[in-house]
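Numbering of residues begins at 1 and proceeds along the displayed sequence. Numbering of ligands and ligand atoms starts at 1, following listing order.
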Amino acid sequence: MALSKISTSYSPSQTLKSKPCVPFHGHEAKRTGVSFVPHRRLRISCSVAPNQVQAPVAPAVPSDITSNKECYGVFCTTYDLRADEKTKSWKSLIKIAVSGAAGMISNHLLFKLASGVVFGPDQPIALQLLGSERSLQALEGVAMELEDSLYPLLREVSIGINPYEIFQDCEWALLIGAKPRGPGMERAGLLDINGQIFAEQGKALNAVASRNVKVIVVGNPCNTNALICLKNAPDIPAKNFHALTRLDENRAKCQLALKAGVFYDKVSNMTIWGNHSTTQVPDFLNAKINGIPAKEVIKDTKWLETEFTERIQKRGGVLIQKWGRSSAASTAVSIADAIRSLVTPTPEGDWFSSGVYTNGNPYGIAEDIVFSMPCRSKGDGDYELATDVIIDDFLRERIKKSEAELLAEKRCVAHLTGEGNAFCDLPEDTMLPGEQ
Ligand code: LMR
């Protein structure tokens, strides 16, 4: 066991002390003939100081924050959306907030969202893009490219660096931005640094987002970040928070298809259990190929138990070695898949994997963590856990290992979830994605 103690301690009387935040008036497009001249007035980030202990209960919107996030360029043009909706039989506009919006994953994702392939060809959207002080110029570049793409369904784009402004009324929050693990940084340090970000964003969502916002956490370690986020957003149902394990599901489907010599659309009922880490459990017991149990199609049990399992667990790390950076395009595709799985009915008999809150789960997994499990949706944005799954001893033992890792991560961030002093005893033989 690697033992390290987080120095901070939680005291219920302490509340979030964010730096005073001033509304961001970042980009104002002034139309001058055919061109426009962007200029900035003021940017102030309101990040929480590292190691600062945070109370779990979200404060109201800080009084010095107003909600005027800035529209960008052509998207500031006034238009009558209701008239458009009527003539084109569009649904009403939905607001989608994306953090880490100037990063590689977002760069793939935003254009998918804007094109209509995720939410549907009759769903107009507003994109509310959260960047950092450092990435703001790049974020303007992203907004410019969105302008130049002339997507009919993309009605509004706003950019900014303050989550209390950017998350305003959003119905979806795609939380991609997180710090990568730097050289020499311990896992406990990464959990703490990213945990601070997700605690702050949970508070901001709680204060200003739609009461039924659906949150997909992508930034690693995503399961524990999602737990921190939901604990800091007590007014939003915990069930609405997801940690992205869809990429692992897609990877597992591809490897089973390869081994079975079929195309990957023939693989269904693919569950990823547990943490998005090297303890994750790609479940070949319940998976099907052409509707037949995968174990009956792939008779090589040794391959399934060792090579297949490890290949999925370590795919993210291997990809980092090849690319020199984390997966981006396939992550974006899997975010799109994860959303689509919630906004369209799950095909009869099938399910999809998502890291969700464990309270009330029927599998005997510890409560109060975010754990990847098989889900089904009616297409209304909500989901139910699948109950028609088999769990044998082999599967249970592996699930337990991932559960133990997540419980250890949870103890390590107790100062961010309001559960007292943090204490890190992370198992040494498990790793976060990208750590290998
Ligand atoms: C992946 O699975 O590709 C990523 O989560 C890896 C990482 O650490 O960014």
Student: Where's the contact between Asn220 and ligand 1, heavy-atom distance under 4.0 Å: side chain, backbone, both or neither?
Tutor: side chain
Student: Near Gly316, which atoms of ligand 1 are under 4.0 Å from a heavy atom of that residue?
Tutor: 1 (C), 2 (O), 3 (O)
Student: Donor-acceptor pair, Asn361 side chain versus Thr358 backbone, under 3.5 Å?
Tutor: yes
Student: From Lys253 NZ over to Asn269 CG, what is the distance, rounded to the nearest 0.5 angstrom?
Tutor: 8.5 Å
Student: Quick one: does NZ or CZ of Lys239 land under 6.0 Å from the six-membered ring centre of Tyr383, within 45 degrees of the ring axis?
Tutor: yes
Student: Under 3.5 Å between any N/O of Asp248 and any N/O of ligand 1: does that happen in this structure?
Tutor: no
Student: I need the contact type for Arg251 against ligand 1. Using non-hydrogen atoms and a strict under-4.0 Å cut-off, is it side chain, backbone, both or neither?
Tutor: side chain
Student: Kindly say whether Glu367 contributes a backbone atom to a donor-acceptor pair with the side chain of Asn359 at under 3.5 angstrom?
Tutor: no
Student: Determine whether the side chain, the backbone, both or neither of Arg315 has a heavy atom under 4.0 Å from any heavy atom of ligand 1.
Tutor: neither
Student: For Tyr264, does the OH atom have more than 12 heavy-atom neighbours from other residues, nucleotides or ligands under 6.0 Å away?
Tutor: no
Student: What are the atoms of ligand 1, with element, lying closer than 4.0 Å to any heavy atom of His276?
Tutor: 1 (C), 2 (O), 4 (C), 5 (O)
Student: Any atoms of ligand 1 less than 4.0 Å from a non-hydrogen atom of Ser327? List them with their elements.
Tutor: 1 (C), 3 (O)
Student: Can you check salt bridge (Lys or Arg N to Asp or Glu O under 4.0 Å) on Lys259 and Asp300, steps first, answer last?
Tutor: CA-CA 10 Å; Lys259 181 76 176 172; Asp300 187 348; 3.5 Å; yes
